[in-house]
*Asks:* 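This is the structure, below, for whatever I ask next.
Only a predicted model underlies this, so the values are computations on that prediction, with no experimental measurement involved.
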Amino acid sequence: MASFNDNEAGTDDENRPLLSEQVEANKKDENSEDMNNEDIELTGCGATAACNPHRTLHRFLVLILICFLSFGSYFCYDNPSALQNQIKDAMEVDTSKFMLLYSLYSWPNVLLCFFGGFLLDRVFGIRLGTVIFSIFIVLGQCIFALGASLNSYNIMLAGRFVFGLGGENLAVAQNTYAVVWFKEKELNMVFGLQLSFSRVGSTLNMNIMKPIYDLTNDALPSYQRLGIALWVGAGFTIFSLLCGVYLGYLDGRAAKILKREAGATGEKIQLRDIKDFPLTLWLMFFICVAYYVAVFPFIGLGIIFFEDKFGFSPAEANAVNSLVYFISAGASPLFGFLVDRFGRNVYWLILGVILTLASHGLLAFTFLNPFVSMSLMGCAYSILACALWPIVAFIMPEYQLGTAYGFMQSIQNLGLAVVSQVAGLIADKYGYLMLEVFFMACLCVALICGVLLYLVDASRGGFLNLSTRQREKLKKEGEIQVQKPLSTPVKGGAGPSGAYIRPQSPFHLRNRYLSRLGAKLPDTYNVNTKALARHGVLQ
C-alpha cells in the first residue's frame, strides 16, 4: 500500500510539475515575505527620520557620506597638475618624467582595480574594503609629501604608486554603495552628485594649492615649500577615511534593519565570467577608455598649454584649467536629474562625446577664449559621466556590479597609464597642437563605439536607451508577472485549497521546457528574476 501511494505520488508529480513547483515557490515567497515584514523595532534616536534607514532623510544623509568618500582622493589626484611648474623646477624633471606621477597612479590599477571589485564582492565586503582602500590613499599621499620634503623624486613616485592602490578601488566601492542605496530610483542623479562633490575637491585643489605654496616661507628651499603644500592634501584624505568608517557603520546597521541579506541572490562570481560579459558592456569599456584619456591627461598638462598659447598668468591658467571640474561640480546634479527624468542614456552619452570633441577642436584650431571651450568641456564631461556609469547597472546583475565596475576602472587605468606617457612625449617632441590632434582621434574612437552601442542595443530591443517612462512600465509589467495570482485554485491536493499559481511568461515556459530536455540554461537564469532576464538586463 505504501509502495502504491509512493508510485501514485510520483506519477502525480510528473503530471503536474509546473503547478506543484509553483505552489512551493509561492509558499517560499510567502514565508520570506512574512520574515521580511517582521521589522526590527526602532526606539529613541534610532526611530527618528535621520536615523531610520526606511526614511528618505537617512538615505540622503548616507548620500552625503558617499559623496565625501572620494573627496580627499580627488583633491590629491591632481596635486601634480596644480603644482606642475613647482614640481618640475624643484625636482628638475621634464614633461615626460613629470607625467610619471600620473602613470604610476594608473599602472597598479590595471589589475588591482578589477581585483578590488572582486575583493569587495567576495573577500572583504564593501564596508571593510572601503576602509582598507582609504588607508592606502592616506599612506600614499603621506609618502608623496614626504618625498617632496626630502627632495627625493623617487619617493614621490613611490607615494603616487601607493596612492593608486587605493584611489580607483575606492571609486569602485563608492559606485557599489550608490547602487546598493539608490538602485531603485534617483541613481543617475546620485552618480551626478557623487561626481559633483568629487570635482569640488579637484577644483579646490587647482585653486588653493598654488596659493598655499606661495604662503610658505620664501627662505625655505623650493622642495620643502612643495612638501608643506602636499601635507595639506594629506589632511583631506584623513577626512575622507573618517567618512568611510562612519558610512560602513551606517550600512551595516541598515543591513540588519532592512534584512538585506535575506534578499541576496546567493550567486558566486567566477573570474571566468569575464568571457561572458555582453558586447554592450565591452563597448562601454572602450568608450570609457577612449573618452577619459582625452580629458584627464589634458588637464594634467593644461596649465603650461594655456600659458604658452594664450599668454595666461599662472593664476589665470590654473583657473581655466580647473573649469572642467568647476563646471561639472555644478552641472553634474542637473544633468543627473535630467537623465533620471527623461532616460535615453545612450543618446546622452553620444552627446557628451560630441561636445568634448568640439571643445578640443576649438582649443586646437582657434584662439577663442579658452574659458568658452573649457566650460563646454565641463558640461560635456558631466553629461557623459551621468549617462555612462549607471548603464552598467542596467546591463549586469547586482551581485556582479563590483566586478563589472572594477573591470571598467581597470581598463580605463590601462589607457590612462599608457596615454599619460604618450601625451608627455608628444608635448616634448611635437608640441601641443599635435597633442590636441591626438586627443581628438581618441574621441573619434569613443564616438564610433557610442554609435555601435546604440545599434547593438537597438537590435536587442533597445533596453539601455529606454525613456524613464518606458523603463517604469516594463518594471511594473515584471512585478505584475511575478506577483499577480490567477483566479484558478490549485488542484490535486498539493497545498491548501486557497493557493494560487502565478502566470508564466513565454520566456519562463520556454526555458522550463528546454531544461526538461537537458539543455543548458544561461547562468543568470533564475525563476525569481525572469522578468528582468526577459527584458535583456541579465543577458
*Asks:* Do the ring planes of Phe296 and Tyr325 sit parallel (below 30°), tilted (30 to 60°) or perpendicular (above 60°)?
*Replies:* tilted
*Asks:* Checking the side chain of Lys309 only, and the main-chain atoms of Leu363 only, is there a donor and an acceptor separated by less than 3.5 Å?
*Replies:* yes
*Asks:* How many angstroms lie between CD1 in Ile327 and OG in Ser375, if you round to the nearest 0.5 Å?
*Replies:* 4.5 Å
*Asks:* Tell me if a side-chain donor or acceptor on Ser359 pairs with a main-chain N or O of Leu355 at a distance below 3.5 Å.
*Replies:* no
*Asks:* Testing the basics here: between Ala387 and Asn345, what is the closest heavy-atom pair and its distance to 0.1 Å?
*Replies:* O-ND2, 3.3 Å
*Asks:* How long is the gap from CG on Leu362 to CG on Leu376, to the nearest 0.5 Å?
*Replies:* 7.0 Å
*Asks:* Between CG of Leu453 and CD1 of Ile350, what distance do you get to the nearest 0.5 Å?
*Replies:* 7.5 Å
*Asks:* State, yes or no, whether a side-chain contact exists between Leu157 and Asn154 at a heavy-atom distance under 4.5 Å.
*Replies:* yes
*Asks:* Check the surroundings of atom OH in Tyr454: do more than 12 heavy atoms from other residues, nucleotides or ligands lie under 6.0 Å from it?
*Replies:* no
*Asks:* Side chains of Asn205 and Asn79: is there a donor and an acceptor less than 3.5 Å apart?
*Replies:* yes
*Asks:* When rounded to the nearest 0.5 angstrom, what is the spacing between CG in Asp94 and NZ in Lys88?
*Replies:* 7.0 Å
*Asks:* Answer yes or no: is there a donor N or O on one side and an acceptor on the other, between the side chain of Lys210 and the main chain of Gln86, under 3.5 Å?
*Replies:* no
*Asks:* Got a sec, which residues hit ring-ring contact (aromatic ring centres under 6.0 Å, His included) with Phe144, two or more places apart in sequence or on another chain?
*Replies:* none
*Asks:* Looking only at atom types and distance, does a side-chain atom of Asn318 sit under 3.5 Å from a main-chain N or O of Ile303, one as donor and one as acceptor?
*Replies:* no
*Asks:* Please check this pair: side chain of Arg160 against backbone of Leu104, looking for a donor-acceptor N/O pair closer than 3.5 Å.
*Replies:* no
*Asks:* Let me confirm one number: the CG-CD distance from Asn321 to Gln84, rounded to the nearest 0.5 Å.
*Replies:* 8.5 Å
*Asks:* Just by distance, no angles: are the side chains of Thr95 and Asp428 close enough, under 3.5 Å, to form a donor-acceptor pair?
*Replies:* yes
*Asks:* So is Arg127 actually on top of Tyr177's ring, under 6.0 Å and inside 45° of the axis?
*Replies:* no
*Asks:* Here's a test for you: under ring-ring contact (aromatic ring centres under 6.0 Å, His included), which of Phe75, Trp231, Tyr77 qualifies with Phe236?
*Replies:* Phe75
*Asks:* Return yes if a side-chain donor-acceptor contact under 3.5 Å exists between Tyr223 and Asp89, otherwise no.
*Replies:* no
*Asks:* Can you find a heavy atom in the side chain of Leu388 that is under 4.5 Å from one in the side chain of Trp348?
*Replies:* no
*Asks:* Aromatic rings Phe285 and Trp282: how do their planes relate, parallel, tilted or perpendicular, breaks at 30° and 60°?
*Replies:* perpendicular
*Asks:* Does a side-chain heavy-atom distance below 4.5 Å link Asn151 with Pro221?
*Replies:* no
*Asks:* Can you see which heavy atom on Ser382 is nearest to which on Phe335, and at what distance?
*Replies:* CB-CD1, 3.9 Å
*Asks:* Taking all heavy atoms of Pro80 and all of Ile87, pick out the closest pair and write down the distance.
*Replies:* CA-CD1, 3.6 Å
*Asks:* If we ignore angles and hydrogens, is there a donor and acceptor under 3.5 Å between the side chains of Tyr291 and Thr356?
*Replies:* yes
*Asks:* Only counting residues at least two apart or in another chain, list the ones meeting ring-ring contact (aromatic ring centres under 6.0 Å, His included) with Phe98.
*Replies:* none
*Asks:* Looking only at atom types and distance, does a side-chain atom of Asn369 sit under 3.5 Å from a main-chain N or O of Val372, one as donor and one as acceptor?
*Replies:* no
*Asks:* Start with the C-alpha distance between Leu281 and Met408, add both sets of side-chain angles, then the distance that settles side chain to side chain contact (heavy atoms under 4.5 Å, CB included), and finish with yes or no.
*Replies:* CA-CA 9 Å; Leu281 188 61; Met408 192 169 180; 5.7 Å; no
*Asks:* Contact between Ile299 and Val324 at the side-chain level, heavy atoms closer than 4.5 Å - yes or no?
*Replies:* yes
*Asks:* Would you say the side chain of Phe298 lies within less than 4.5 Å of the side chain of His360, judging by non-hydrogen atoms?
*Replies:* yes
*Asks:* Would you compute the distance between atom OH of Tyr381 and atom CE of Met374 and round it to the nearest 0.5 angstrom?
*Replies:* 12.0 Å
*Asks:* Are Val422 and Met99 close enough, and set up right, to give a side chain to side chain contact (heavy atoms under 4.5 Å, CB included), and what steps lead you there?
*Replies:* CA-CA 9 Å; Val422 172; Met99 289 302 288; over 6 Å; no
*Asks:* We want to know whether Thr203 and Ser322 form a side-chain donor-acceptor pair, criterion being a heavy-atom distance below 3.5 angstrom.
*Replies:* no
*Asks:* Indicate whether the side chain of Gln141 and that of Thr237 have a donor and an acceptor atom separated by less than 3.5 Å.
*Replies:* no
*Asks:* Is the backbone of Phe68 close enough, under 3.5 Å, to the side chain of Ser240 for a donor and an acceptor to pair up by distance?
*Replies:* yes
*Asks:* Can you run down the salt bridge (charged side-chain N to carboxylate O under 4.0 Å, His left out) pairs that involve residues 219-238, sequence neighbours left out, and say none if there aren't any?
*Replies:* Asp218-Arg225
*Asks:* Got more than 12 heavy atoms from elsewhere within 6.0 Å of NZ, Lys97?
*Replies:* no
*Asks:* A cation-pi test, strictly: NZ or CZ of Arg469 under 6.0 Å from the centre of the six-membered ring of Phe342 and no more than 45 degrees from its axis. Yes or no?
*Replies:* no
*Asks:* Evaluate Ile228 against Leu220 for side chain to side chain contact (heavy atoms under 4.5 Å, CB included), listing each step before the verdict.
*Replies:* CA-CA 10 Å; Ile228 292 173; Leu220 293 174; 3.9 Å; yes
*Asks:* How are the rings of Phe305 and Phe310 set to each other: parallel, tilted or perpendicular (split at 30° and 60°)?
*Replies:* perpendicular
*Asks:* Looking at every heavy atom in both Gly233 and Cys76, which two are closest together, and how far apart are they?
*Replies:* O-SG, 3.2 Å
*Asks:* Please examine the side chains of Met396 and Phe277, heavy atoms only from C-beta on, and report whether any two atoms are closer than 4.5 Å.
*Replies:* yes
*Asks:* Does any N or O in the side chain of Ser152 come within less than 3.5 Å of the main-chain N or O of Ala148, such that one atom is a donor and the other an acceptor?
*Replies:* no
*Asks:* Counting N and O atoms only, with roles assigned by atom type, does the side chain of Ser313 sit under 3.5 Å from a partner on the main chain of Glu316, one being a donor and the other an acceptor?
*Replies:* yes
*Asks:* Identify the two heavy atoms, one from Ser222 and one from Tyr213, that lie closest to each other, and give their separation to 0.1 Å.
*Replies:* CB-OH, 3.6 Å
*Asks:* If you take all heavy atoms of Ala229 and Leu83, which pair is closest and at what distance?
*Replies:* CB-CD1, 4.3 Å
*Asks:* Within a radius of less than 6.0 Å around CZ of Phe371, do more than 12 heavy atoms belonging to other residues, nucleotides or ligands occur?
*Replies:* yes
*Asks:* Between Trp389 and Tyr292, what is the ring plane arrangement, given parallel below 30°, perpendicular above 60°, and tilted in between?
*Replies:* tilted
*Asks:* Using a 3.5 Å distance criterion without hydrogens, assess whether the side chain of Ser420 forms a donor-acceptor pair with backbone atoms of Ala417.
*Replies:* no
*Asks:* Could you go through Ile395 and Met284, starting from their C-alpha distance and side-chain angles, then the distance that decides it, and tell me whether this counts as side chain to side chain contact (heavy atoms under 4.5 Å, CB included)?
*Replies:* CA-CA 10 Å; Ile395 298 175; Met284 291 282 295; 4.2 Å; yes
*Asks:* Checking ring-ring contact (aromatic ring centres under 6.0 Å, His included) against Tyr105, which of Phe161, Phe163, Phe136 comes through?
*Replies:* Phe163
*Asks:* Measure the shortest side-chain to side-chain distance between Ile391 and Leu349 over non-hydrogen atoms and say whether it is less than 4.5 angstrom.
*Replies:* yes
*Asks:* Heavy-atom distance under 4.5 Å between the side chains of Gln224 and Ser149, does that happen here?
*Replies:* no
